[in-house]
There are 2 protein chains.
Amino acid sequence: MATNAVFAAKGTRDLLPEAMHRRLAVIQTLRSVYAMFGFEPLETPAMERIETLTGKYGEEGNQLIFKILERGEGGREGKADLALRYDLTVPLARVVAMNPALPLPFKRYQIQPVWRADRPAKGRFREFYQCDGDIVGSTSLLCDAECIAMAHMALEKLGFKDFVVHINHRALLTAIVAAAGVPERETEVLVAIDKLDKIGVAGVTKELSERGIAADVVDRLWAILASPADLDAVFAAVGQQAHAAVADLHALFAHLRSLGATRVVFDATLARGLGYYTGAVYEVKLTGVDGQGAGVGTVAAGGRYDGLIGMFSGRKVPAVGISIGLERILTVMEERGMLAGKGTPVRALVTLFSAETVAASLELAAGMRAAGVAVEVWLGEPGSLGKQFRYADQRGIPYALVLGPDEVAAGNVAVKKLATGDQHVIARNGVAERIRP
Amino acid sequence: MATNAVFAAKGTRDLLPEAMHRRLAVIQTLRSVYAMFGFEPLETPAMERIETLTGKYGEEGNQLIFKILERGEGGREGKADLALRYDLTVPLARVVAMNPALPLPFKRYQIQPVWRADRPAKGRFREFYQCDGDIVGSTSLLCDAECIAMAHMALEKLGFKDFVVHINHRALLTAIVAAAGVPERETEVLVAIDKLDKIGVAGVTKELSERGIAADVVDRLWAILASPADLDAVFAAVGQQAHAAVADLHALFAHLRSLGATRVVFDATLARGLGYYTGAVYEVKLTGVDGQGAGVGTVAAGGRYDGLIGMFSGRKVPAVGISIGLERILTVMEERGMLAGKGTPVRALVTLFSAETVAASLELAAGMRAAGVAVEVWLGEPGSLGKQFRYADQRGIPYALVLGPDEVAAGNVAVKKLATGDQHVIARNGVAERIRP
């Protein structure tokens with residue numbers, strides 16, 4: 001059974017303890033913030049019926065779905081009937097359709113992996129976590145306000161100090177393109193504008209020109225977008241056709257003020273999720289701190305999308321959602337050193353001095369755990385404390401507890417701090433407090 | 001795109017919020033207990049290379065593996081190259097083989113779903129969670145003691161009062177069968193004994209007889225097992241060939257006493273995991289309380305298995321593990337009402353009295369959340385408090401907060417307890433304390 005070639009599947013990775021501690025800490029923060037806002041947890045199965053997923057992600061997406069072979073009685077050779085979850089939105093739509101008795105609005109969050117047969121690359125995996133919060137069944141602008149405020153609190157609680165929520169409205173984008181004079185070229189124009197962050201005004205102008213958009217149209221576009229953070233200025237430049245969208249945006253910003261979400265800006269150039277969003281749209285971007293993070297870009301994004309959740313029921317079901325980029329956030333927090341100290345929770349290695357002191361060491365371990373202090377017991381041969389200290393150090397465990405015959409007789413414990421080598425003999429009933437984090 | 005037939009895949013289920021709250025609470029308890037003992041979290045990808053899984057689970061297991069089609073460039077039509085994780089042990093063996101620099105012993109826990117194409121039945125799903133703790137790289141009996149003590153604390157922390165850990169040793173079982181006179185029939189004899197819980201002495205006797213085991217052998221077997229909880233009596237009946245196993249068991253029980261794990265018994269009839277375990281074996285059983293739980297049987301099980309973790313490296317890698325039956329534990333806790341109160345963490349619905357009071361209501365919501373109290377804001381039209389109260393009640397939210405113009409003007413909030421209908425107008429700065437859990 002032995003083989004020399006053993007690998008994880010291409011494009012997948014194991015999450016070893018250090019990575020897991022960091023991930024669990026971030027997920028725990030996100031769960032607690034979702035809870036504060038009344039988003040309830042949901043999990044759906046990894047496998048969906050193949051027809052549930054087919055045709056939902058465009059031609060390109062279809063090619064990236066992992067398909068599962070039929071099996072057992074009646075299973076047709078080489079045919080697939082199941083597929084792996086590709087996102088969290090289609091499963092949500094299925095859950096809503098299958099559970100007509102769910103109290104609406106239904107606010108759920110879901111933190112689960114999805115699978116896509118993308119070509120693997122640095123930082124791009126075929127299994128990765130998504131983290132979505134959605135509100136289904138309400139047309140209120142308060143849904144957007146709550147989603148934004150939730151993401152706002154989540155980033156604060158994670159320790160980010162440089163995030164800004166950029167907010168725009170799908171109908172305002174439509175009005176802007178119409179006012180520029182090319183309503184029939186809306187998608188092309190917005191696809192180009194969406195790249196503004198990356199390629200700048202000159203780049204977008206070049207792309208619009210290459211797409212055959214007339215120079216005077218492009219000029220009008222840049223005139224409308226001259227002060228992209230000034231909602232009134234953009235409204236004045238676009239005119240009354242933007243009225244409803246601008247009113248929505250004013251109301252949304254007022255709600256956000258009431259909710260205490262201050263790191264929010266209007267951004268007329270935010271043009272995302274074409275063909276998906278139907279109302280307000282938002283992106284949370286990191287601006288960079290201390291020279292770090294420039295170009296990190298978007299760490300969360302969302303908006304209203306009233307056309308999707310009803311896909312299985314044939315009804316129109318209003319919905320608003322925000323997706324938090326868990327994998328990207330973990331990468332940025334790692335790069336910025338924001339996850340230092342999120343290692344093993346074990347505070348001490350309980351060493352084994354000799355065969356005779358094993359029982360005393362185990363009793364000490366049990367006492368520490370009863371006091372809520374995580375400890376590990378040395379599982380090799382008793383003796384050779386140097387080897388035991390090296391193991392603890394390698395594991396990132398801060399203390400070693402030594403119980404020799406003298407300590408056992410006196411009711412003491414030698415507490416060794418591994419980083420410094422300092423060692424103090426203290427009374428056994430004071431050990432938990434000494435080594436508690 | 002609309003379709004009327006929308007289902008989850010056969011044998012799978014969605015975990016709706018109520019189920020998720022309970023599951024997350026149990027998982028959080030398990031994670032905290034694993035941490036107390038120095039087990040570190042690990043996650044592996046859902047997809048493994050098909051050759052990693054094939055041949056590891058016997059012929060029957062092979063048939064139950066979900067296989068994933070090749071795709072993209074070079075993907076052969078109808079051929080599978082990946083498969084879904086079938087258990088957590090083979091991925092652990094792969095991780096150990098791929099990471100030779102892991103500090104040993106490597107203590108990890110893993111709580112993740114596995115997928116098996118079993119015929120679905122009541123309580124049996126094709127996707128279900130496993131929850132394994134294993135210690136790789138140590139031959140010490142302390143590994144068994146720590147695994148048992150960990151499960152012991154986990155069941156205590158979950159609130160179980162009727163669990164007992166049954167402990168036996170693979171080598172003692174071998175010696176018992178040999179002493180009965182049929183060492184060459186070991187597997188058959190143990191497969192029959194393994195059913196003792198379910199079919200009793202008469203049933204096992206009948207099965208042994210049907211398998212052609214002579215009546216005098218069966219008599220000798222029952223004589224050896226006359227006092228199955230008395231290690232010394234069994235030792236005396238078996239003789240010196242059981243010496244090493246009995247010494248191990250004595251040492252293990254001594255370690256467990258030192259660790260304060262008191263709900264442990266020797267059980268010479270525990271015969272599990274033949275062909276898998278190589279040392280001590282254990283099962284945690286529920287005995288039933290208040291007339292409930294009889295027949296619930298095993299909720300955790302484990303032992304030493306030195307032959308498996310080295311499967312990919314060709315080396316022998318010692319290992320001990322215990323698997324906690326998360327799905328079964330959830331079912332039993334549900335049936336016993338041990339998960340009551342694990343519903344939504346939302347303490348109050350912040351109602352909307354009228355369009356004019358929306359801002360005040362949002363400010364109140366933000367204040368509650370800043371104070372660490374989870375609240376939800378009504379997302380329908382303002383007004384109609386009855387509808388808002390009904391929604392909150394349906395959601396299991398205990399309080400509704402009402403802010404009419406009078407309350408806003410006076411700096412008060414009307415706090416309504418939905419279960420009783422009691423309503424008190426109190427100062428706004430006292431609300432968080434009033435409704436905190």
Side-chain angles (χ1 to χ4, degrees), chain A residues 1-3 6-9 12 14-15 17 20 24 35-36 38 40-49 66-69 71-72 78 80 82 94-95 97-98 103 105 117 127 138 140 142-143 146 255 258-260 311-312 314 344-346 359 362-363 366 369 374 376-377 379 391 394-395, chain B residues 1-3 6 8-9 12 14-15 17 20 24 35-36 38 40-49 66-69 71-72 78 80 82 94-95 97-98 103 105 117 127 138 140 142-143 146 255 258-260 311-312 314 344-346 359 362-363 366 369 374 376-377 379-380 391 394-395:
Chain A
M1 203 183 278
T3 157
V6 52
F7 305 111
T12 71
D14 297 309
L15 297 170
M20 276 302 294
L24 288 173
M36 281 294 140
E40 303 286 346
L42 174 73
E43 283 189 11
T44 64
M47 304 185 301
E48 293 282 354
R49 301 197 316 155
F66 282 103
K67 300 179 182 72
I68 298 170
L69 279 176
R71 70 225 74 77
L82 300 174
R94 182 185 53 68
V95 167
M98 281 178 68
E127 169 178 292
S138 166
S140 172
L142 288 173
C143 301
E146 287 275 275
H255 291 331
S258 299
L259 286 169
M311 67 175 84
F312 295 112
T344 178
V346 174
L362 295 183
E363 286 165 18
R369 291 162 182 165
E376 187 168 329
V377 175
L379 295 172
Y391 168 81
Q394 205 182 357
R395 286 266 287 109
Chain B
M1 203 184 279
T3 157
V6 51
T12 71
D14 297 309
L15 296 170
M20 276 301 294
L24 288 172
M36 281 294 140
E40 303 285 348
L42 173 74
E43 284 189 10
T44 63
M47 303 185 302
E48 294 281 356
R49 299 195 317 153
F66 283 104
K67 301 179 182 71
I68 298 170
L69 279 176
R71 69 225 75 76
L82 300 173
R94 181 185 54 66
V95 167
M98 281 178 68
E127 169 178 293
S138 166
S140 172
L142 288 173
C143 301
E146 287 274 275
H255 292 330
S258 298
L259 286 169
M311 66 175 84
F312 296 113
T344 179
V346 174
L362 295 183
E363 286 165 19
R369 291 162 182 164
E376 188 168 330
V377 175
L379 296 172
Y391 167 81
Q394 204 182 359
R395 285 265 289 107

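Heavy atoms only: backbone and side chains are in, while hydrogens, waters and symmetry mates are out.
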- Query: Can you tell me if B/S138 uses its side chain to pair, donor with acceptor, with the backbone of A/L379 under 3.5 Å?
  - Reply: yes
Among A/A374, A/G38, A/P17, A/P41, the residue with the most heavy-atom pairs under 4.5 Å to chain B is A/P41
What one should report as the nearest heavy-atom pair of A/M47 and B/E127 is N-OE1, 4.4 Å
Of B/G78, B/A80, B/P45, the largest count of non-hydrogen pairs under 4.5 angstrom with chain A goes to B/P45
Heavy-atom closest pair (B/Y391 atom, A/P105 atom, distance to 0.1 Å) is OH-O, 3.2 Å
Highest number of heavy-atom pairs under 4.5 Å with chain A among B/L259, B/V95, B/V346, B/V377 belongs to B/L259
Those residues at least two apart in sequence (or on a different chain) that pass side-chain contact (heavy atoms from CB on, under 4.5 Å) with A/S258 are B/A359, B/L362, B/E363
Output for pair (A/R94 CZ, B/D14 CG), nearest 0.5 Å, gives 4.0 Å
Sequence neighbours excluded, the answer for side-chain hydrogen bond (donor to acceptor under 3.5 Å, both in side chains) partners of B/E40 is A/H21, A/T344, A/R395
In terms of heavy-atom pairs under 4.5 Å with chain A, the winner among B/G380, B/G260, B/A97, B/C143 is B/C143
Rounded to the nearest 0.5 angstrom, the CG-CG distance for A/L42 and B/L15 is 8.0 Å
Most heavy-atom pairs under 4.5 Å with chain A, out of B/A8, B/A366, B/P345, belong to B/A8
When the 4.5 angstrom heavy-atom criterion is applied to B/E43 and chain A, the contacting part is both
Okay, A/L82 and chain B: the region with an atom under 4.5 Å from a heavy atom over there is side chain
Interface check, chain A: of B/E376, B/M20, B/Q394, most non-hydrogen pairs under 4.5 Å belong to B/M20
